[in-house]
Amino acid sequence: MGKVYNISKNVGLGLLVLGVSAAVTIIGLSIAYDKQRAKTQGKPGDEASTGSTSIPSTTPFTPKDPWDYYRLPDSLVPLTYNVTLWPRLKPDADNMYIFTGHSSVVFRCKKETDLILIHANNLNFTMYGGNHAKLSGRGEAAAPAIRSTWLVVRTQYLVVQLSSKLAVGKSYELYTEFRGELADDLEGFYRSEYMDDGVKKVLATSQMQATYARKAFPCFDEPAMKANFSVTIIHERNTIALSNGKEIDSSESIRENVPVTVTTFEPTPKMSTYILAFVVCEFSYIQSNSSNLLIRIWARRKALNDGQGNYALTITGAILQFYERYYNATYPLSKSDQIALPDFNAGAMENWGLVTYRETALLYDSNLSSTGNKERVATVISHELAHMWFGNLVTLQWWNDLWLNEGFASYVEYLGVDYVEPTWNIKDYIILYDVQKVFAIDALASSHPLSCKEEEVNMPAQISEMFNAISYNKGAAVLRMLSEFLSEPVFAKGLSSYLNEFAYNNTVHTDLWGHLQQAVADTPDLHIPCTVHDIMNRWTLQMGFPVVTINTTTGGVSQKHFLLDPDSKVDRLSQFNYTWFVPIKWMKNGVDQQQYWLLNKTDTHAQMRVSGQEWVLANTNVSGYFRVNYDAENWERLLSQLDTSHQALSVMNRAQIIDDAFNLARAKIIPTALALRTTEYLSKERDYIPWASALRNLQYYTLMFDRTEVYGPLQAYLKKQIKPLFEYFETLTANWTKTPIEHTDQYNQINAVWVACRTGVESCRKQVSSWFRQWMGSPDHNPIPSDLKATVYCSAISLGGVEEWDFAWKMFQNASLASEASRLRSAMACTKTPWLLNRYLEYTLDPNKIRKQDATSTIQSIANNVIGMPLAWNFVRAKWSYIFQQYGRGSFSFSNLINGITVRFSTEFELQELKKFKEENLHVGFGSATMALEQAIEKTTANIKWVTENKAEVLNWFTEQTVK
Ligand SMILES: *[C@@H]1O[C@H](CO)[C@@H](O)[C@H](O)[C@H]1NC(C)=O
Ligand SMILES: *[C@@H]1O[C@H](CO)[C@@H](O)[C@H](O)[C@H]1NC(C)=O
Ligand SMILES: *[C@@H]1O[C@H](CO)[C@@H](O)[C@H](O)[C@H]1NC(C)=O
Ligand SMILES: *[C@@H]1O[C@H](CO)[C@@H](O)[C@H](O)[C@H]1NC(C)=O
């Protein structure tokens, strides 16, 4: 799945904050996951579970029968399915949207059994003589009679009890007919609605990962239960149907007195159920034939007519070719469809041959969209297409190894984008989007290892919880480190032989280590200190990462588990005692030195001893997943290097010095003032990545102090630092009439405008207000440069009043480009007028005003605003039972809500309020935000402490800087 929290990527600083809170969510999730795991260890299924929210049952449940366990027994393996589905896009007499279907699955018996367990959830079955299914033998096998059948809601099975045993080695066919609801729940086979030229349209689509295929038809719904699927879809004549395979036949027919089209699809190769997809809609498409492969982009007709699919179409063929070469394996299917859906929970989903996307992740308008939108489209496409081989062709055995699947795609997505957009230097951005982001989470005592044991992940809720930042972002960071010390060609070679050996099959993560080890063995001049397996175990089986301390006076090098809160206690034991095998690339005075491996807690590396003005910088280009600290003298020399000529260091290292310093200060390893001093050189910095890193770290100061007397001096300092950058862009863009050419400039001008307007640079405020006024004067001609829209909308609405707000609301409702709607939706949360914020909060309760998929993130944007925060907090408390009932299940967004609201909490009073909120709503519950709430309480406590300890020093420092 594409990252849900992909939205945080570079859509401007305002949304960067969202990124931070999204990251915080993951903490909540990962803890929830640990607690549940502790509860269920050794006892799969001692909690009632429906969908993705698990509610502890009041009486402990001890599984005894096979259907009490969440995992399928290994007695049967599916071979082929024939599935026919008919979604109704009009409500029935009971005003319900439904689908009907029938399916037959041929399976082979591997171990003698008189029981068939097959997943089914929320399906109503046609009964045959009191049974839910019919069984027949294949070939000469005779089928035993069915004694009885029943459904198990908790573990989501259809159980078929036979009167005698199935024979080992023989095949049988199970036939079922069923109906299900085509709900708007974004899970399984579901419906989505949208407006097309003022007319409401309904479409049917699907999201199977991780455990929802069983909501569409009965199936052995585990990733290792691969089979061939032959799909037939019955649909109204004005619609088209899509699935994983190419359509091979389409005929007109009459069913139940309705004229319909029956479309059949070419049988799929052997594949897992979670990457199946079905769509019925009125979309149109654009296509290209690149190297005989049919590539199509599907979307709303109007979006395609506006050219919004063109960019995706252009890059898809090139990215597929890149991966074919990179993996040394041809694209395994006969077509590639990608479709943009108006309602979609994740960012995107890698269904084999039919990838589904949110509109903002696939559609791009060259006139109206921003560079950030374009980058997002390229990145998400590259991520999903990487899965066509890694994940879909070769699939991990079970969800406990999800980190390898998602971490891998999150790493190679950069390579794919770099291939189609070589001028972007996109590979550098992994520092911001993955490494620094997950450092923040993985530095907590409550983090968890990348890899966990197969038996620790059973229930659907536990599986959902694997989709977190540790899996995606740390997975990417650690695999990048691996590829860096093996070198990219060796990494790719191991990968290719892995994919070839396990095509259409399943693996565990050690299979990949084995193939990489072989590639190392085949490369005579490559030396690593021990096996890939032994090195990687230290990064995947224990949580966290080290801070490496280098004493440049003595040459001493040491490592220590880095914890953001030095007083926090680590409960989890590690077989490696929290030491790592650390590959250290480093430089002396700007000259690269030979890579050094730190294999123990402490060591001496004489080459790292320096004197005079010489400096050492370790973790060149942040190729390793660790932080670095130095002796005070080396810190001073690095600061002076930044001050005199920062270009001697790469943008990644400039960004990392800042990020390391701020985090080392939070952990009380270096003084807060030293961290703040890393931002002094910024008045000369023009590059995006270091700026983004600094602003992200200073954001914590803003959140902690924007309601205190520190805020004035902090703003004054920021204003002083940003002004040269603002003026630089004013000149570069000839007074904002031209678009900067460089990718980094296109982004950094956003920071410049955002911070300059917020801190009161007068020419900035004039510029944004005048742009917005012009636009209000002629709504068909938006004069604002696309890249600056998000930040200009927000600034102008923040400086303006009801007129600006109402205009934005009107434009939001009329926006036909999803990313434009999303910008406006965030910007409307920027107003400083309380009644407008309250009215906006009310709008989130009405799905006709704010889509359900966007409701919690809208409340979160409002909470982000210092004036909106208390309003959102009151609102959420007042409407908790409603909000819980609507959004309490599953997804990231719900815990984001709690995190978003509490991100500023740093007073005793707020802590008490939070605890009271918990008490008062225990009877309603907190669903998937349960642990986010616990985390919020913990974080508020930590914030109170940090503010107490640092406020005076911080106030002092900022004050001194501005009188200088
Ligand atoms: C599926 O349909 C095909 C073609 O109609 C048929 O040959 C095959 O036997 C069917 N398989 C199952 C499992 O019913
Ligand atoms: C399935 O059956 C239940 C119980 O009779 C009923 O409430 C539900 O509406 C049915 N669902 C569909 C899709 O027909
Ligand atoms: C690519 O695959 C071919 C055929 O499978 C093989 O002979 C060749 O060595 C592979 N190349 C690399 C670089 O792995
Ligand atoms: C799949 O992999 C397993 C384990 O490596 C192997 O035993 C099996 O033969 C493979 N199956 C196929 C169809 O290649």
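In listed order, ligands and their atoms are each counted from 1.
Ligand 4 has no atom lying under 4.0 Å from any heavy atom of Tyr504.
Remark: minimum distance from atom 12 (C) of ligand 4 to any protein heavy atom is reached at Asn505 ND2, 3.1 Å. For atom 14 (O) of ligand 2, the closest heavy atom belonging to the protein is Arg179 NE, 2.9 Å. Scanning the protein heavy atoms around atom 11 (N) of ligand 2, the nearest turns out to be Asn124 ND2, 2.9 Å.
Within 4.0 Å of atom 7 (O) of ligand 4, not a single protein heavy atom is present. Within a 4.0 Å radius of atom 4 (C) of ligand 2, the protein has no heavy atom.
Ligand 2 places these atoms under 4.0 Å from at least one heavy atom of Met96: 9 (O), 13 (C). Near Gly180, meaning under 4.0 Å from any of its heavy atoms, are these atoms of ligand 2: 13 (C). Ligand 4 places these atoms under 4.0 Å from at least one heavy atom of Phe502: 5 (O).
The pair Asp74-Lys110 does not meet the salt-bridge criterion, since no charged nitrogen lies less than 4.0 angstrom from a carboxylate oxygen.
Listed by first and then second residue, the ring-ring contact (aromatic ring centres under 6.0 Å, His included) pairs involving residues 222-247 are Tyr81-Phe229 (not counting sequence neighbours).
Atom-to-atom distance recorded for Ile535:CD1 and Cys530:SG is 4.5 Å, nearest 0.5 angstrom.
Between Phe278 and Thr205, every side-chain heavy-atom pair lies at or beyond the 4.5 Å cut-off.
Counting heavy atoms of neighbouring residues, nucleotides and ligands inside a 6.0 Å radius, atom NZ of Lys246 exceeds 12 of them. The 12-atom threshold is not exceeded at NZ of Lys170, counting heavy atoms of other residues, nucleotides or ligands nearer than 6.0 Å.
Both tests do not hold together for Arg179 against Trp86: distance to the six-membered ring centre under 6.0 Å, angle to the ring axis within 45°.
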